[in-house]
Each structure stands twice: as structure tokens, then as C-alpha cells.
Amino acid sequence: QIQFADDMQEFTKFPTKTGRRSLSRSISQSSTDSYSSAASYTDSSDDEVSPREKQQTNSKGSSNFCVKNIKQAEFGRREIEIAEQDMSALISLRKRAQGEKPLAGAKIVGCTHITAQTAVLIETLCALGAQCRWSACNIYSTQNEVAAALAEAGVAVFAWKGESEDDFWWCIDRCVNVDGWQANMILDDGGDLTHWVYKKYPNIFKKIRGIVEESVTGVHRLYQLSKAGKLCVPAMNVNDSVTKQKFDNLYCCRESILDGLKRTTDVMFGGKQVVVCGYGEVGKGCCAALKALGAIVYVTEIDPICALQACMDGFRVVKLSEVIRQVDVVITCTGNKNVVTREHLDRMKNSCIVCNMGHSNTEIDVTSLRTPELTWERVRSQVDHVIWPDGKRVVLLAEGRLLNLSCSTVPTFVLSITATTQALALIELYNAPEGRYKQDVYLLPKKMDEYVASLHLPSFDAHLTELTDDQAKYLGLNKNGPFKPNYYRY
């Protein structure tokens with residue numbers, strides 16, 4: 001049996017009209033395990049009236065949206081314009097293809113973070129001929145002013161920061177269940193939209209021409225469906241494309257780990273002892289950044305290959321229990337659960353900083369800290385001191401959720417790479433001749449990965465060397481690529 005969410009009954013219970021805002025753990029891990037509180041013009045608490053109870057129209061008289069405050073559209077437009085400056089590749093794709101309208105006739109229903117950067121993607125899809133309806137994949141990450149700007153521009157967007165669980169599913173349903181409009185493409189981040197359509201609207205799901213999924217969780221769900229023989233449409237796994245893996249995971253986390261820690265704790269890293277749990281792409285990025293600032297970095301790993309890589313990069317590989325008493329900072333990035341347990345937390349030194357850079361909030365056993373003998377003290381946004389009876393304090397960031405999206409921001413340039421990959425995947429699936437893609441999960445073609453990279457090279461004034469005919473023949477390659485086989489490890 002495939003488990004789509006923590007509580008299966010939530011899929012069979014249609015949302016009630018409204019529900020008060022809840023800060024409890026959402027039934028969908030992908031929607032609440034990571035969230036963003038940064039970079040939003042106004043906080044969701046500025047108006048206690050639910051957007052679902054408001055009657056709002058944009059300047060064109062349309063009310064086909066539900067956002068916090070449509071009057072914030074002007075501020076959101078400025079945010080989008082700033083983001084466009086560092087997303088030149090996506091803008092270039094928009095200019096190259098908007099004459100051809102490769103997505104003409106595409107009706108895309110999307111569920112992603114709604115930020116200035118994803119707004120650039122949404123407006124690019126519209127410029128390429130698509131009709132879009134959008135909801136947020138995460139109840140905390142929406143920039144209200146950006147959602148308002150999209151609504152003002154005519155996009156049917158249903159999202160606001162601080163949605164309740166009931167609101168979350170209501171917004172998704174409003175995007176899908178529309179008279180006279182039926183989606184034929186899905187762009188998802190986390191798999192909630194895909195599985196809502198799969199469970200609630202099977203007839204619509206069967207007519208979908210393609211699904212594009214960018215997250216670890218969503219891809220895992222798609223492979224579950226495929227393995228069970230229940231995936232009746234082709235899907236593109238962009239999470240494991242090279243341009244997504246390397247840039248969104250390695251290079252992005254190399255910068256955002258420091259940003260998140262500095263903003264929340266003002267910590268100086270020189271001489272600090274830090275343990276990073278996991279040495280995948282995220283772990284590699286975190287370790288490189290911390291080492292560069294003079295921190296003493298330890299690594300924990302279960303995989304001997306990743307462990308050997310850490311050793312060769314100059315890090316000591318240990319068990320967490322061996323160093324837990326002495327380290328100043330603990331960072332998890334494994335994708336697993338209960339990596340840092342209550343036993344570890346009990347043994348930590350006073351003022352040890354604990355945070356998570358992995359996908360979900362299951363890596364740190366935060367639940368075990370909610371006991372009567374421990375005192376929680378909120379010292380600033382996303383920073384809690386958990387105080388033991390003897391006075392020891394552990395500094396917990398973002399309640400164990402994803403640090404960079406919770407406490408800082410993600411570099412716009414990295415999101416340009418991810419967004420360009422998503423746009424090309426949608427174009428590929430929508431325009432593919434019948435029979436090219438069967439009812440399965442596919443990786444982005446290597447040629448497209450290389451094209452995404454090439455679009456971003458002009459930002460660095462980088463000039464590629466071209467193969468001669470003789471060199472290309474010697475290597476057995478096409479002069480224009482692809483330059484590596486699918487099994488190549490970058």
C-alpha cells in the first residue's frame with residue numbers, strides 16, 4: 001500500500017469552508033517540513049481575516065484568485081523585477097521561445113513555493129503560451145506581495161503565508177476543480193498536488209500529458225506510483241538532473257548555510273567545532289563553506305564512498321556519539337529521521353547550536369524536547385533556547401526545519417537554473433510525439449541539462465572551447481553534444 005501522507009483520512013475528507021490558522025504539523029511532510037519566513041513584505045499576522053472570506057478584485061475586475069491583499073501587488077512587482085536581474089537565462093529562454101509559443105494550449109496547474117523567483121518562472125510559462133493556475137507547496141514560504149502581483153497580472157493564484165492545513169488543501173482544490181478549465185500538465189514540488197489530483201480527480205489525472213517534479217519527496221512518491229503500476233502519465237524527474245543536483249544542492253547550500261547561521265546566531269566560525277551529518281551534495285557544500293571560515297569540521301556518514309570522499313577532502317569521519325560533547329554546532333543533512341536523538345541532545349554542551357539543512361524536519365528529534373522538564377524560550381524569530389533543569393541551553397534553529405529557507409534566502413541565480421530546467425521539462429513533455437515517453441518516470445535528457453548550463457554561462461562571460469571535427473570523431477561525439485554519457489558522474 002502506498003502512503004501518500006501522514007494521515008490517509010485527510011484525502012477522503014473534503015476541506016471545510018474555513019479553519020482557524022494552525023501551527024501544528026501538517027499532514028503533508030513536504031508542505032511543512034521546510035518553510036520560509038524571510039523576504040516577505042508583510043507578515044501573515046497583519047490581518048486576522050482569512051483571505052477566503054475576503055472579496056477582492058484586481059484592476060481588470062477579475063476575482064479568480066485568493067491572496068492575502070491584492071493591494072500589495074505593486075511591491076510584489078518590484079520584487080519580481082529585482083529577481084529578473086539575476087535570472088537572465090530564464091529571461092533569455094522567454095525571449096527566444098515566446099514567438100513560437102511552445103506551450104500554446106498547455107493548461108498548467110502548479111504547486112511550488114511562491115516567491116519572486118518562482119513568479120519569474122510562472123510568467124515565463126505564460127509568455128510561452130500556457131494558461132496557469134497556482135498554489136503554494138508550503139504553508140509558510142509564500143511572499144504575499146508576490147502572490148498579489150501575480151494575481152494582478154491575471155494568474156489564478158491561491159496562496160498566502162501562514163495557511164492552515166485546511167487552507168492548504170482548499171487552495172490546491174481551487175486550482176484543480178474549475179468549471180470550463182481542465183489541466184493537462186502538472187508542475188509540482190513535493191508531490192501534494194499530484195497526489196491530490198490522483199486521489200480526488202482520477203479522470204483528470206488520466207488526461208494529464210506530463211508531470212514535472214523537482215523535489216526528493218515528490219520524486220519518491222512518483223517512483224512508488226510507477227512501481228505499483230498506478231502511474232498512468234509520463235513524469236519528468238528534474239530533481240536528479242545534474243543542473244538541479246549540483247547547483248541547487250551543492251553550490252546553493254555552500255552559501256546559504258552560512259547566511260542562515262549568521263542571521264540567526266551571529267556566530268563566528270573561526271575555531272568552532274562543527275559536525276555535519278551526511279556528506280552528500282548538501283553536506284559537501286556545508287563542509288566546504290565552514291572549512292573556508294576556519295571551523296574544525298567533523299563528518300558522519302553511513303556510506304563508505306561518501307565517507308572516503310570526506311576523508312580525501314580533509315575531514316575526519318566520526319560517529320556522532322564520539323564528538324557530541326565537544327562540538328559547538330550540529331548540522332544535519334541526511335534526509336533520514338532521528339539522526340540527532342534526545343540522547344545526543346542531553347549530552348550536548350551548553351549553547352550548542354543545532355540545525356537542519358536536509359529536506360524534512362525529521363532529522364532532529366524535536367518532539368522529544370517538548371517535555372515538562374525542559375523550558376522553551378523564543379529569543380528571536382526562528383531561534384529557540386531549549387533549557388535543561390541544570391541551566392544548560394541548546395540553541396535550536398527553525399524548530400528543526402530547513403535552515404536556509406526558514407532563516408535566510410536562497411540565491412536567485414541558483415533558482416534561475418532550477419526554473420529553467422523546469423520550463424524545458426514542461427516544453428519537452430508537452431511537445432513530445434506520442435510514444436516517446438511511456439507511463440513512467442524519466443530523467444531530464446542530457447542535452448537539456450547541457451543547454452540549461454550553457455544559458456547561464458554568459459553571466460560569467462565564460463567562453464566554451466569548441467571541438468574540431470577531428471577531435472569530435474576521435475572521441476565519438478557530436479560537436480554540439482551531449483558531451484557525457486548518462487552514467488557519467490559529475
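A distance of 12.0 Å separates SG of C132 from NZ of K107, quoted to the nearest 0.5 Å. Atom CG of L125 is separated from atom CD of Q131 by 12.5 Å, given to the nearest 0.5 angstrom. Note that the OG1 atom of T420 and the CG atom of L90 stand 4.5 Å from one another [nearest 0.5 Å]. Atoms SG and CG, from C171 and D192 in turn, are 12.5 Å apart once rounded to the nearest 0.5 Å.
The minimum heavy-atom distance between L187 and L193, with the atom names listed, is O-CD2, 4.1 Å. The nearest pair of heavy atoms linking A73 to A149 is O-CB, 3.5 Å. Across all non-hydrogen atoms, the minimal contact from A398 to C407 is CB-SG, 4.0 Å. The heavy-atom pair separating G210 from L429 by the smallest distance is CA-CD1, 3.9 Å. The shortest non-hydrogen separation linking R380 to D266 is NH2-OD2, 3.1 Å. The shortest non-hydrogen separation linking A127 to K101 is O-NZ, 2.8 Å.
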Intermediate values then yes/no, salt bridge (charged side-chain N to carboxylate O under 4.0 Å, His left out), K484 and D449: CA-CA 11 Å; K484 299 289 190 297; D449 246 339; over 6 Å; no

Intermediate values then yes/no, salt bridge (charged side-chain N to carboxylate O under 4.0 Å, His left out), K446 and E450: CA-CA 6 Å; K446 181 73 67 176; E450 293 178 352; over 6 Å; no

Candidate pair W170 and R174, rule side chain to side chain contact (heavy atoms under 4.5 Å, CB included), full reasoning: CA-CA 6 Å; W170 179 86; R174 282 296 307 271; 3.4 Å; yes

Steps toward salt bridge (charged side-chain N to carboxylate O under 4.0 Å, His left out) verdict (E123, R77): CA-CA 12 Å; E123 294 190 336; R77 180 52 53 189; 2.7 Å; yes

Side chain to side chain contact (heavy atoms under 4.5 Å, CB included) between L222 and N237, intermediate numbers included: CA-CA 9 Å; L222 286 173; N237 166 12; over 6 Å; no

Side chain to side chain contact (heavy atoms under 4.5 Å, CB included) assessment of L397 paired with I353: CA-CA 8 Å; L397 305 183; I353 299 168; 3.8 Å; yes

CA sep, side-chain torsions, deciding dist, call: R436, E428, salt bridge (charged side-chain N to carboxylate O under 4.0 Å, His left out): CA-CA 10 Å; R436 175 180 292 178; E428 171 65 15; 2.9 Å; yes

V340 vs V330, side chain to side chain contact (heavy atoms under 4.5 Å, CB included): CA-CA, chis, key distance, verdict: CA-CA 9 Å; V340 176; V330 178; 3.9 Å; yes

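Using a 4.0 Å cut-off between a side-chain N of Lys or Arg and a carboxylate O of Asp or Glu, K95 and E84 do not qualify as a salt bridge. One finds a salt bridge joining D259 and R263 here, because a Lys/Arg side-chain nitrogen approaches an Asp/Glu carboxylate oxygen to under 4.0 Å. Between R254 and E281 no salt bridge is recorded (no basic side-chain N to carboxylate O distance below 4.0 Å). Salt-bridge annotation for E363 and K337: absent, with no side-chain N of the basic residue lying under 4.0 Å from a carboxylate O of the acidic one. Using a cut-off of 4.0 Å between Lys/Arg side-chain N and Asp/Glu carboxylate O, R221 and D188 are scored as not salt-bridged. Ion pair E74/R78 flagged as a salt bridge, since at least one NZ, NE, NH1 or NH2 atom sits closer than 4.0 Å to an Asp/Glu carboxylate oxygen.
Between the side chains of E213 and T194, no donor-acceptor pair is found at a separation under 3.5 Å. Checking S256 against N404 by side-chain atom types alone, a donor-acceptor pair falls below 3.5 Å. Judged purely by distance below 3.5 Å, without hydrogens or angles, the side chains of Y430 and N184 never pair a donor atom with an acceptor atom. For the residue pair S88 and S459, a side-chain donor N or O sits within less than 3.5 Å of a side-chain acceptor on the partner. A donor atom on one side chain and an acceptor atom on the other are found under 3.5 Å apart for S59 and E152. The closest side-chain donor-acceptor pair between S416 and H456 falls under 3.5 angstrom. D440 and Y223 share no donor-acceptor pair across their side chains, judged by distance under 3.5 Å alone. Using a 3.5 Å distance cut-off with no hydrogens or angles, the side chains of Q117 and T412 do pair a donor with an acceptor. Side chain to side chain, K244 and Q422 fail the donor-acceptor criterion of an N or O pair below 3.5 Å.
The aromatic rings of Y251 and F247 lie tilted to each other, with the angle between the two planes from 30° to 60°. Note on ring orientation: taking the six-membered ring where Trp is involved, the planes of F205 and Y198 are perpendicular (angle over 60°, cut-offs 30° and 60°).
In this structure, Q98 contributes its side chain and L128 its backbone to no donor-acceptor pair below 3.5 Å. Under a 3.5 Å cut-off, the side chain of T142 and the backbone N or O of K161 do not form any donor-acceptor pair. Looking at T264, its side chain does come within 3.5 Å of a backbone N or O of L261 through a donor-acceptor pair. A donor-acceptor contact shorter than 3.5 Å is absent between the side chain of D173 and the backbone of W169. At least one donor-acceptor pair closer than 3.5 Å links the side chain of E301 to the backbone N or O of D303. Side-chain N or O atoms of K262 include one that pairs as donor or acceptor with a backbone N or O of V267 at under 3.5 Å. Between the side chain of S454 and the backbone N or O of Y451 there is at least one donor-acceptor pair closer than 3.5 Å. No donor-acceptor pair under 3.5 Å is formed between the side chain of Q143 and the backbone N or O of I114. Using a distance-only test at 3.5 Å, with no hydrogens or angles considered, no donor-acceptor pair links the side chain of T332 to the main chain of I364. R133 places no side-chain N or O within 3.5 Å of a backbone atom of A183 that could act as its donor or acceptor partner.
Paired with M357 under the rule side-chain contact (heavy atoms from CB on, under 4.5 Å), one option of V276, V282, N249 passes, and it is V282.
Put simply, the side chain of V275 reaches to within 4.5 Å of the side chain of T300, judged on heavy atoms. Taking 4.5 Å as the limit, every side-chain heavy atom of N69 sits out of range of all side-chain heavy atoms of N144. For the pair F269 and V297, the minimum side-chain heavy-atom distance is 4.5 Å or more. Between H113 and C137, some side-chain heavy-atom pair lies under the 4.5 Å cut-off. Contact annotation: the side chain of E163 approaches that of W160 to within less than 4.5 Å [non-hydrogen atoms, C-beta and beyond]. Taking 4.5 Å as the limit, every side-chain heavy atom of R401 sits out of range of all side-chain heavy atoms of N356. Between D313 and K291, every side-chain heavy-atom pair lies at or beyond the 4.5 Å cut-off. D248 has its side chain out of reach of N239: every pair of non-hydrogen atoms, C-beta onward, lies at least 4.5 Å apart.
Heavy-atom neighbours of Q309 CD from other residues, nucleotides or ligands within 6.0 Å: above the threshold of 12. No more than 12 heavy atoms of other residues, nucleotides or ligands shown are found within 6.0 angstrom of NZ on K71.
Side-chain rings of F158 and F168 stay apart, their centers remaining 6.0 Å or farther from each other.
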